[in-house]
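Read the structure below first, then the notes.
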2 protein chains.
Amino acid sequence: MPKLDTKPDAKAKLLDAALSVIRTKGYSSTSVDDLCREAGVTKGAFFHHFKSKNDLGVAAADYWSLFTGTLFTNAPYHDHADPLDRVLGYLEFRKALLRGGVPDFTCLVGTMVQETYETAPNIRDACDRSISEHAAKIEADIDAAMQARAMAVDWTAESLALHTQAVLQGAFILAKAKGGAAIAADSIDHLIRYVKLLFDVQTT
Amino acid sequence: MPKLDTKPDAKAKLLDAALSVIRTKGYSSTSVDDLCREAGVTKGAFFHHFKSKNDLGVAAADYWSLFTGTLFTNAPYHDHADPLDRVLGYLEFRKALLRGGVPDFTCLVGTMVQETYETAPNIRDACDRSISEHAAKIEADIDAAMQARAMAVDWTAESLALHTQAVLQGAFILAKAKGGAAIAADSIDHLIRYVKLLFDVQTT
DNA sequence: TATAACATACCAACTGGTTGGTATGTTTGC
DNA sequence: GCAAACATACCAACCAGTTGGTATGTTATA
């Protein structure tokens with residue numbers, strides 16, 4: 001009775017492979033064979049679990065939502081009592097995540113949506129869902145911070161939450177162009193400064 | 001008797017085709033045949049002018065620099081005497097460019113660098129050049145605005161200039177995910193608000 | 001000025017390898 | 001024993017790139 005400790009689970013291995021390979025090479029350049037090779041499974045296993053490459057793209061985006069969902073849910077910044085501190089803590093946490101190689105800290109769905117938004121609507125929708133659901137969590141804290149201060153402003157919590165995601169996605173593009181995380185950290189610093197200015201926090 | 005009139009010029013037609021097709025489908029999904037079909041030339045012409053698809057990628061990025069270079073050089077915001085007004089005018093101009101379909105207003109090099117940064121260093125470098133040279137122009141106005149006000153701050157003109165590009169690139173990703181320009185305009189509005197706050201401009 | 005020699009711009013057909021996907025096994029867990 | 005989970009073998013379409021060729025300049029030279 002061999003293999004009692006190892007759990008084959010080709011599907012999970014393929015999804016894990018998708019996260020790293022697609023973030024490195026992009027969705028279109030990633031072949032099904034690439035994914036099978038990386039995951040250590042055969043093509044038969046791939047098409048047993050996914051009815052097409054497009055289907056894997058959607059599943060990978062959903063898997064990414066799950067992956068990042070638990071990552072941010074378990075992050076320490078939620079402990080702050082003041083919702084604004086949670087927002088600023090979130091941004092500091094994003095900056096702290098800029099570690100390892102560029103493919104390691106960049107966003108799967110941001111990469112995928114650029115290649116598929118006109119050609120694969122279901123992948124685009126899955127990417128949109130991933131981004132929007134994540135933004136909604138930050139929006140909640142922004143909204144709470146605004147209400148705690150009874151702010152009268154010409155912008156919404158939703159637009160600021162989405163703006164944080166735009167900055168992060170753009171920071172990743174610059175990091176890819178310049179081959180390092182430093183520029184991305186600078187951009188997040190500007191975003192943090194902006195949020196502090198919006199909420200009248202004394203900048204040190 | 002030199003041909004001073006019109007030149008059919010398959011090369012120019014291929015580069016024009018590259019701008020639209022790659023922005024729509026992405027670099028990897030764009031085949032050489034796609035470009036030839038769009039340009040109305042044959043494959044022989046393609047490989048006469050470009051030694052490889054990769055070579056076209058580099059040429060397309062350089063062509064994009066040229067294209068955007070003249071676009072922004074001829075833009076009206078340069079008329080302002082105050083350099084800060086030029087910076088804010090630039091950002092308003094970027095917002096005004098959000099017209100037509102998503103492939104029409106998004107950035108070629110931002111799209112390409114995501115797919116090539118790990119696999120095609122020369123394309124990545126060409127994209128980086130395009131972004132950085134553009135940012136340098138905005139940096140000049142930001143720097144002038146800072147010096148005119150003798151500002152003592154903990155950020156540099158260069159980092160703010162690059163941050164504007166990050167916001168724009170990220171705004172394009174969100175526009176692709178959500179299928180419209182509205183969200184991109186919102187993000188640029190946040191960026192404008194940030195610049196005004198940094199320079200203590202009275203927000204209306 | 002005539003012409004040989006060369007260069008540029010382009011074309012249609014082809015090639016070897018890769019692609020996503022399928023058809024048909026074999027193995028495993030309940 | 002039977003379905004789900006894999007593996008093997010294969011295919012037609014497509015891919016980037018090559019080939020051999022034509023048509024139209026441009027330059028050198030006598």
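Excluded from the calculations below are hydrogen atoms, water molecules and symmetry mates; all remaining heavy atoms, backbone and side chain alike, are included. Proteins get letters first, then strands, A, B, ... in listed order; numbering begins at 1 in each.
For the pair A:Leu56 CG and C:dG20 C1', the interatomic distance rounds to 12 Å; values are reported in whole Å. We find that CG of B:Asp33 is positioned 9 Å from C1' of D:dA16, with the value rounded to whole Å. The distance between atom CZ of A:Arg37 and atom P of C:dT18, rounded to the nearest whole Å, is 10 Å. Look at CZ on A:Phe50: it is 14 Å from C1' on D:dC6, rounded to the nearest Å. Atom CG in A:Asn54 sits roughly 12 Å away from atom P in C:dG20 (whole-Å rounding). Rounded to an integer number of Å, the gap from A:Phe46 CZ to D:dA4 C1' is 18 Å. With rounding to whole Å, A:Lys51 atom NZ is found 13 Å from C:dG21 atom C1'. Following rounding to the nearest Å, A:Asp34 (CG) and C:dG21 (C1') show an atom-to-atom distance of 16 Å.
With a 6.0 Å cutoff to the six-membered ring centre and a 45° limit on the axis angle, B:Lys53 counts as a cation-pi contact of B:Tyr27.
In this structure, of C:dG21, C:dA12, C:dC10, it is C:dG21 that holds the atom nearest to the side chain of A:Phe47. In this structure, of C:dG21, D:dC6, C:dC10, it is C:dG21 that holds the atom nearest to the side chain of A:Lys43. Nearest to the side-chain atoms of B:His48 among the listed nucleotides D:dT8, C:dG20, C:dC10 stands C:dC10. Side-chain proximity of B:Lys53 to C:dG20, D:dA7, D:dG17: nearest is D:dG17. When distances are taken from the side chain of A:His49 to each of D:dC6, C:dT19, C:dT8, the shortest belongs to D:dC6. Closest contact between the side chain of B:Ala45 and the listed nucleotides C:dG21, D:dG17, C:dC11 involves C:dC11.
Comparing A:Thr30 and B:Gly44 along DNA chain C, the residue whose closest nucleotide (by nearest heavy atom) sits nearer the 5' end is B:Gly44.
In this structure, B:Asp16 does not pair ionically with B:Lys13, as no charged nitrogen and carboxylate oxygen lie closer than 4.0 Å.
Just one of A:Ile188, A:Val167, A:Asp186 meets the side chain to side chain contact (heavy atoms under 4.5 Å, CB included) condition when paired with B:His163; it is A:Val167.
Close to D:dC15, at under 4.0 Å from its OP1 or OP2, lies a side-chain N or O of B:Ser31.
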Practice item. List the steps, then state whether side chain to side chain contact (heavy atoms under 4.5 Å, CB included) holds for B:Phe50 with B:Lys11. Key: CA-CA 8 Å; B:Phe50 308 102; B:Lys11 188 172 183 174; 3.8 Å; yes
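For A:Phe93 and A:His78, the gap between ring centers reaches or exceeds 6.0 Å.
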